[in-house]
Amino acid sequence: MPLIDEIGIIQECLAGNIEDFGILVKKYQALLMRTAYHFLGNWDDAKDATQTTFIKAYRSLFSFRQDRRFSSWLCRILVNDCLDRLKSAHRKYKSPMDNPIRDKDPSDPLSRLAEEDLIRQALSKLPKKRRRAFILVDLEGFSGPEAAEVLGCSESTVRVTVMKARQQLRKIYIELNES
Amino acid sequence: MHCRKIREWLVKEPESLSGHQREELSNHLKTCDKCNLAFQHLANLKNEIRRAKETSVPQELIQDIWQNVRLNIEKEPILVKPKFRSLQFRRHPLAAWGIPSFAVLCILFIFLLIKPWNALSPENDLKPTSLDVAIESAQIDGKPAQISIFEIRNPDMTFIWLDKNETDNGG
């Protein structure tokens with residue numbers, strides 16, 4: 001991805017040039033889609049959340065502090081939107097009893113789906129703060145300072161939260177497999 | 001009981017385990033099928049997380065995102081900076097709570113400065129206040145007398161005091 005002058009583009013957008021916002025959308029759409037997918041579990045909802053995030057970002061572009069990373073600001077809007085969606089829809093993943101785990105064969109697509117489903121269940125059982133930190137750091141590869149900026153906390157808090165999230169996820173995952 | 005301890009070690013970060021713990025863990029896994037299965041599950045989890053990390057977004061889904069966003073933002077294209085920004089309690093807690101608290105203190109100070117202390121005393125409410133005293137001279141039965149009229153507030157009452165001179169000046 002070539003380096004672009006994000007601040008310059010934001011200034012143009014603030015001056016009323018809508019087209020310039022398209023550059024930012026195209027740059028960050030894949031990142032936001034993938035992050036939303038990890039939270040919501042399906043691509044359609046992830047796309048919807050991504051679009052809503054860009055619209056919200058554009059409408060409140062004046063409140064973006066230019067000493068911050070634009071990507072972190074966008075992700076923060078996205079994460080809040082995803083959590084709101086999960087809260088309002090009371091989404092629950094299917095119980096493992098409804099979807100029995102087959103013998104694990106990595107080449108078997110059904111087995112893979114069951115495995116993915118189990119991980120989603122385990123993730124959905126994590127507390128909100130731990131889930132956010134885990135998805136950003138372990139699944140999206142955000143660095144400590146980046147994640148701290150998105151989550152609005154210190155770097156050390158992120159590190160501790162991710163560590164606790166990993167431990168809890170492992171525990172839940174073993175329990176789900178054994179149930 | 002032993003399995004429970006082993007499970008606790010299994011979910012921990014491998015780096016946080018001591019050499020002795022690692023050794024005990026590997027010995028236990030060789031003998032306990034249940035814990036060994038849990039260990040296998042964790043290996044699966046690790047692989048799945050790695051796969052999830054490599055998730056690629058379907059290209060056909062992201063093609064029209066900008067078009068959809070554009071349609072929406074064109075309806076409301078004006079980006080207006082608000083004149084007054086609300087206090088951000090999370091970002092600036094000291095300012096957000098300090099300014100209103102200081103304002104309240106100032107108001108209280110001015111109130112106390114204007115209202116005299118004795119006016120605040122509860123005893124003062126029960127103390128009658130004399131307003132007017134009117135003194136009249138009169139003749140009663142041919143003798144000089146003095147009538148004093150006191151008007152009192154709180155409670156509202158009027159006292160008339162008759163001061164008759166009984167001494168016989170005429171002799």
Side-chain angles (χ1 to χ4, degrees), chain A residues 13-16 18-19 21-26 29-34 36-38 43-44 46-48 50-55 57-63 104 106 112 115-116 118-120 122-123 134-135 138-141 152 163 166-178, chain B residues 3-4 6-17 33-83 85-86 88 90-91:
Chain A
C13 293
L14 288 169
I18 292 177
E19 288 305 318
F21 194 65
I23 302 167
L24 296 175
V25 171
K26 281 167 190 163
Q29 58 189 8
L31 169 76
L32 296 196
M33 276 280 276
R34 217 175 39 237
Y37 174 72
H38 289 313
W43 287 113
D44 288 333
K47 184 178 178 179
D48 205 31
T50 304
Q51 287 175 177
T52 310
T53 301
F54 281 124
I55 294 163
Y58 183 79
R59 287 188 182 153
S60 51
L61 206 54
F62 58 80
S63 67
K104 289 178 183 85
R112 285 271 297 108
E115 197 70 37
E116 273 183 30
L118 207 63
I119 287 176
R120 292 203 184 292
L123 262 178
F134 179 81
I135 289 176
D138 275 12
L139 297 184
E140 280 307 315
M163 198 188 72
R166 282 176 195 152
Q167 286 186 16
Q168 198 176 353
L169 188 75
R170 286 177 196 141
K171 208 173 166 183
I172 295 169
Y173 187 76
I174 292 174
E175 283 168 5
L176 284 174
N177 267 293
E178 288 176 347
Chain B
C3 281
R4 206 170 141 191
I6 293 293
R7 295 290 176 97
E8 280 173 19
W9 292 348
L10 269 179
V11 297
K12 278 187 177 176
E13 301 284 335
E15 309 88 62
S16 66
L17 297 177
D33 288 342
K34 210 178 164 192
C35 290
N36 197 30
L37 190 64
F39 180 73
Q40 295 298 327
H41 292 320
L42 289 181
N44 279 336
L45 175 69
K46 204 175 170 185
N47 287 335
E48 282 304 317
I49 288 171
R50 206 188 57 237
R51 280 200 201 99
K53 246 176 154 173
E54 290 159 3
T55 307
S56 55
V57 183
Q59 282 303 305
E60 65 273 15
L61 277 177
I62 54 172
Q63 276 170 357
D64 60 340
I65 285 184
W66 167 230
Q67 299 306 320
N68 297 341
V69 171
R70 191 181 166 178
L71 281 174
N72 272 284
I73 60 177
E74 271 175 352
K75 288 177 199 163
E76 204 178 323
I78 304 160
L79 295 157
V80 183
K81 191 167 185 171
K83 282 178 185 169
R85 290 184 70 181
S86 59
Q88 293 175 320
R90 279 189 181 177
R91 193 174 287 171

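Sequence lines set the chain letters: A, B, ... in the order given, protein chains first and strands last, and positions in each chain run from 1. Computed from a predicted structure; not experimentally measured. Just so you know, these numbers use all the heavy atoms, side chains as well, and skip hydrogens, waters and symmetry mates.
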S.K.: Please determine whether a side-chain nitrogen of the Lys or Arg among B:R70 and A:E19 lies less than 4.0 Å from a carboxylate oxygen of the Asp or Glu.
M.R.: yes

S.K.: Evaluate the side chain to side chain contact (heavy atoms under 4.5 Å, CB included) criterion for residues B:N68 and A:K47: first the C-alpha distance (whole Å), next the side-chain angles of each, then the deciding distance (0.1 Å), finally the verdict.
M.R.: CA-CA 11 Å; B:N68 297 341; A:K47 184 178 178 179; 4.3 Å; yes

S.K.: For chain B, find which of A:T52, A:L139, A:T50 contributes the most heavy-atom pairs closer than 4.5 angstrom.
M.R.: A:L139

S.K.: Spell out, as yes or no, whether a donor-acceptor pair under 3.5 Å connects the side chain of A:D48 to the backbone of A:D44.
M.R.: no

S.K.: With only heavy atoms counted, which part of B:S56 is less than 4.5 Å from chain A, the side chain, the backbone, both or neither?
M.R.: backbone

S.K.: With chain A as the partner, which of B:D64, B:L37, B:L10, B:N47 has the greatest number of non-hydrogen pairs under 4.5 Å?
M.R.: B:D64

S.K.: Looking at A:Y37, is A:R120 sitting on its ring face, NZ or CZ under 6.0 Å from the six-membered ring centre and within 45 degrees of the normal?
M.R.: yes

S.K.: With a 4.5 angstrom heavy-atom cut-off, which part of B:R7 approaches chain A: side chain, backbone, both or neither?
M.R.: side chain

